[in-house]
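Shown next, in structure tokens, is the structure this report addresses.
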Amino acid sequence: MKNPEAQQDVSVSQGIRMMFYVMKPSETSFQTLEEVPDYVRKATPFFISLMLLELVVSWIRKGKPSGGLDDALASLSAGIMSRLPRLFSRSIELTSYVYIWENYRLISLPWDSPWTWYLTFLGVDFGYYWFHRMAHEVNIMWAGHQTHHSSEGYNLSTALRQSVLQIYTSWIFYSPLALFIPPSVYAVHLQFNLLYQFWIHTEVIDNLGPLELILNTPSHHRVHHGRNRYCIDRNFAGTLIIWDRIFGTFEAENEKVVYGLTHPINTFEPFKVQFHHLVNIWTTFWATPGFFNKFSVIFKGPGWSPGKPRLGLIEEIPEVEGKEIPFSSSASQLLKIYVLVQFALMLAFYEETFADKAVLSQVTLLLRVCFIILTLTSIGFLLDQRRKAAVLETFRCLVFLMLCRSGHLKPCLSSSSFAFEIFFSICIAFWGVRSVKQLVSDPWR
């Protein structure tokens with residue numbers, strides 16, 4: 001059995017093709033789960049390259065970027081948070097699958113058969129359709145999935161706005177495959193199904209002609225992300241749009257799509273982006289009388305309340321005019337540049353942590369994860385212009401220096417350690433002065 005860290009590299013050709021689900025069975029079939037590459041992590045340079053390409057194309061065609069920096073950072077922050085648990089353990093989507101396979105499988109299809117590969121492609125996509133549909137129709141599942149819909153922009157960074165909670169329900173819909181599909185084959189398609197959905201989050205691609213009949217495309221998925229009434233609970237497909245056509249949830253793009261939640265959250269703070277709807281469910285649960293009504297608050301649709309249909313009333317969805325202005329940060333351009341630099345530094349530590357997780361101690365991993373979460377939270381506070389943002393950023397910079405000096409965090413280049421210490425010392429001084437001024441001017445807020 002191969003070491004999990006000794007997985008094969010992904011070539012540039014394979015990297016491009018895996019983003020569009022056009023890999024061959026012969027190059028993506030593995031006997032054991034440990035041999036399966038972490039395609040999602042290996043896709044990072046392709047995510048960045050395609051986002052830059054989208055930025056250039058959008059600038060050429062429209063004379064402006066495809067979205068705001070603040071919204072993009074919020075999306076990337078959500079994606080990073082969703083991946084952090086995998087530093088400590090295998091995803092529940094895999095652990096639950098392996099358990100069912102080892103204890104309850106009915107037959108074992110050959111792992112190296114193209115027929116098994118294509119059957120798994122269909123099975124995973126079918127499972128995703130039903131998971132995705134239920135994530136919109138069951139309130140407690142929507143509490144996780146709403147994170148992905150909270151962006152009021154629509155570009156490739158939106159695809160990375162992933163939920164921390166979603167995987168704790170999605171595994172249920174794939175588990176029947178474990179009765180006959182080997183885990184290694186399933187693990188490949190679980191990743192490819194996710195990667196395919198990256199490129200469809202864009203406005204720079206219009207209509208793809210005959211492909212629109214079979215595949216989930218940018219046009220179809222724009223409808224899914226819309227908060228227009230005609231877009232609500234439509235186009236749940238992952239890769240194949242045929243499931244929506246079969247089960248009556250398909251809707252073609254016609255009028256201008258306005259993106260985001262029906263009730264925008266107006267924040268870039270990562271914990272609110274991830275968990276605000278759980279708070280809403282908790283409040284509604286206790287305010288709703290009757291046991292069965294409380295049960296319905298959790299398991300019926302997000303728009304349900306006593307006396308209404310299971311999914312609520314479409315007439316109660318706020319009308320859109322197409323002139324809505326997305327929420328944006330009031331931070332200065334200089335502050336946004338500072339935030340971008342800090343995010344880039346954190347991203348480098350994030351990538352290094354995943355690359356070295358096999359040799360890092362559990363204490364170091366935990367401290368790095370805490371620092372990453374602290375950085376994302378501070379960035380959200382700065383973009384939201386929260387009163388305590390300066391205090392939090394001062395504390396974060398102090399934590400960075402402490403972790404560096406204790407050896408739990410190291411700059412990518414050891415020769416740059418002194419420069420990092422100088423830079424973060426200046427940051428501490430700057431934000432410390434800002435914090436003192438705020439506390440002096442209004443100590444009770």
Side-chain angles (χ1 to χ4, degrees), residues 20-23 25 93 97 106 109 114-139 141-142 144-146 148-149 154 159 166-167 169-181 185-186 188-202 205-255 257 299-304 309-312 314 317:
F20 299 94
Y21 219 143
V22 288
M23 298 283 273
E93 290 176 318
Y97 192 95
L106 302 176
L109 295 182
W115 291 105
T116 303
W117 198 93
Y118 288 114
L119 178 62
T120 310
F121 159 68
L122 291 173
V124 168
D125 203 48
F126 183 70
Y128 178 82
Y129 169 84
W130 282 107
F131 153 69
H132 196 184
R133 183 168 175 174
M134 291 302 102
H136 281 255
E137 296 184 1
V138 177
N139 204 16
M141 292 177 66
W142 174 247
H145 187 62
Q146 60 78 31
H148 182 62
H149 284 264
Y154 190 77
Q166 186 167 289
I167 61 169
T169 54
S170 61
W171 67 270
I172 299 169
F173 297 85
Y174 302 120
S175 57
L177 297 174
L179 299 176
F180 53 94
I181 300 291
V185 186
Y186 163 74
V188 166
H189 288 278
L190 189 65
Q191 295 185 78
F192 287 168
N193 189 275
L194 177 65
L195 291 175
Y196 176 88
Q197 295 177 57
F198 176 75
W199 74 274
I200 61 177
H201 289 82
T202 186
I205 298 174
D206 296 322
N207 190 284
L208 294 179
L211 293 178
E212 303 278 339
L213 297 173
I214 302 171
L215 297 176
N216 193 13
T217 64
S219 176
H220 296 329
H221 206 58
R222 284 193 289 269
V223 171
H224 178 71
H225 272 259
R227 67 179 196 247
N228 314 54
R229 287 183 178 177
Y230 87 95
C231 298
I232 301 298
D233 294 342
R234 290 291 180 264
N235 298 1
F236 298 110
T239 304
L240 300 174
I241 200 66
I242 59 172
W243 310 123
D244 286 287
R245 296 185 185 276
I246 291 171
F247 296 110
T249 52
F250 175 74
E251 189 72 44
E253 184 179 25
N254 47 67
E255 64 187 67
V257 177
F299 294 104
K300 289 187 177 180
W304 180 87
R310 180 175 67 89
L311 300 181
I314 194 68
I317 301 294

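Along the sequence shown, residues carry numbers from 1.
In this structure the side chain of Leu311 never reaches within 4.5 angstrom of the side chain of Lys300, judged on heavy atoms. You'll find the side chain of Leu122 reaches within 4.5 Å of the side chain of Leu240, heavy atoms only. When side chains are defined from C-beta on, Arg133 does not count as touching Asp233, because their heavy atoms never get closer than 4.5 Å. Between Glu137 and Trp142 the shortest side-chain heavy-atom distance does not fall below 4.5 Å. No side-chain heavy atom of Pro302 sits under 4.5 Å from any side-chain heavy atom of Val138. Taking the side chain as every heavy atom from C-beta outward, Ile241 and Glu212 never approach each other to under 4.5 Å. Here the side chains of Phe180 and Leu106 are not in contact, with every heavy-atom distance at 4.5 Å or above. The shortest side-chain heavy-atom distance between Trp115 and Leu119 does not fall under the 4.5 Å cut-off.
Taken to the nearest 0.5 Å, the CD1 atom of Ile200 stands 7.5 Å off from the OG1 atom of Thr217. Phe236 CZ to His136 NE2: the interatomic distance, rounded to the nearest 0.5 Å, is 5.5 Å. With rounding to the nearest 0.5 Å, the separation of CG in Leu190 from CG in Leu194 is 7.5 Å.
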Inset, instruction - Show your working on side-chain contact (heavy atoms from CB on, under 4.5 Å) between Phe250 and Arg234 and close with a plain yes or no. - result: CA-CA 6 Å; Phe250 175 74; Arg234 290 291 180 264; over 6 Å; no
Legend entry - side-chain contact (heavy atoms from CB on, under 4.5 Å) evaluation trace for Phe299 with Asn139: CA-CA 6 Å; Phe299 294 104; Asn139 204 16; over 6 Å; no
Inset, instruction - Give the C-alpha distance, both sets of side-chain angles, the deciding distance and a yes or no for ring-ring contact (aromatic ring centres under 6.0 Å, His included) between Phe247 and Tyr129. - result: CA-CA 10 Å; Phe247 296 110; Tyr129 169 84; 5.5 Å; yes
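Ile314 CD1: more than 12 foreign heavy atoms inside a 6.0 Å radius.
Residues His201 and His224 place their aromatic rings such that the two centres sit no closer than 6.0 Å. For Trp199 and Phe20, the ring centers are positioned less than 6.0 Å apart. Aromatic pair Tyr21/Phe121: ring centres closer than 6.0 Å.
Remark: side-chain polar atoms of Arg229 are paired, donor with acceptor, to backbone N or O of Ile317 under 3.5 angstrom. In terms of modelled atom types and a separation under 3.5 Å, the side chain of Asp125 and the main chain of Thr239 share a donor-acceptor contact. Side chain of Asn235 to main chain of Val223: no donor-acceptor pair is present (N/O by atom type, distance under 3.5 Å, no hydrogens or angles). Put simply, the side chain of Tyr230 gets close to the backbone of Glu255: a donor and an acceptor are under 3.5 Å apart.
When all heavy atoms of Trp304 and Arg310 are compared, the pair lying nearest together is CB-O, 3.5 Å. Shortest non-hydrogen contact noted between Ser170 and Phe131 is CA-CD1, 3.5 Å. Contact between Arg222 and Asp206 at its shortest, heavy atoms only, is NH2-O, 3.6 Å. The shortest heavy-atom contact between Asn216 and Gly238 is ND2-O, 3.2 Å. Pairing each heavy atom of Thr249 with each of Asp244, the nearest pair is OG1-OD1, 2.5 Å. Of all heavy-atom pairs between Phe198 and Ala159, the closest is CD1-CB, 3.6 Å.
For His221 and Tyr154, the side-chain atoms include no donor-acceptor pair closer than 3.5 Å. A donor-acceptor contact closer than 3.5 angstrom is absent between the side chains of Glu253 and His220. Residues Tyr128 and Gln197 bring a donor and an acceptor atom of their side chains to less than 3.5 Å of each other.
Using bins of under 30°, 30° to 60° and over 60° for the plane-to-plane angle, the ring pair His149/His132 lands in the tilted bin. Taking the six-membered ring for Trp and thresholds of 30 and 60 degrees, Phe126 and Trp243 have ring planes more than 60 degrees apart, a perpendicular arrangement.
The side-chain hydrogen bond (donor to acceptor under 3.5 Å, both in side chains) test with Gln166 singles out one residue from His145, Gln146, His148, and that residue is His145.
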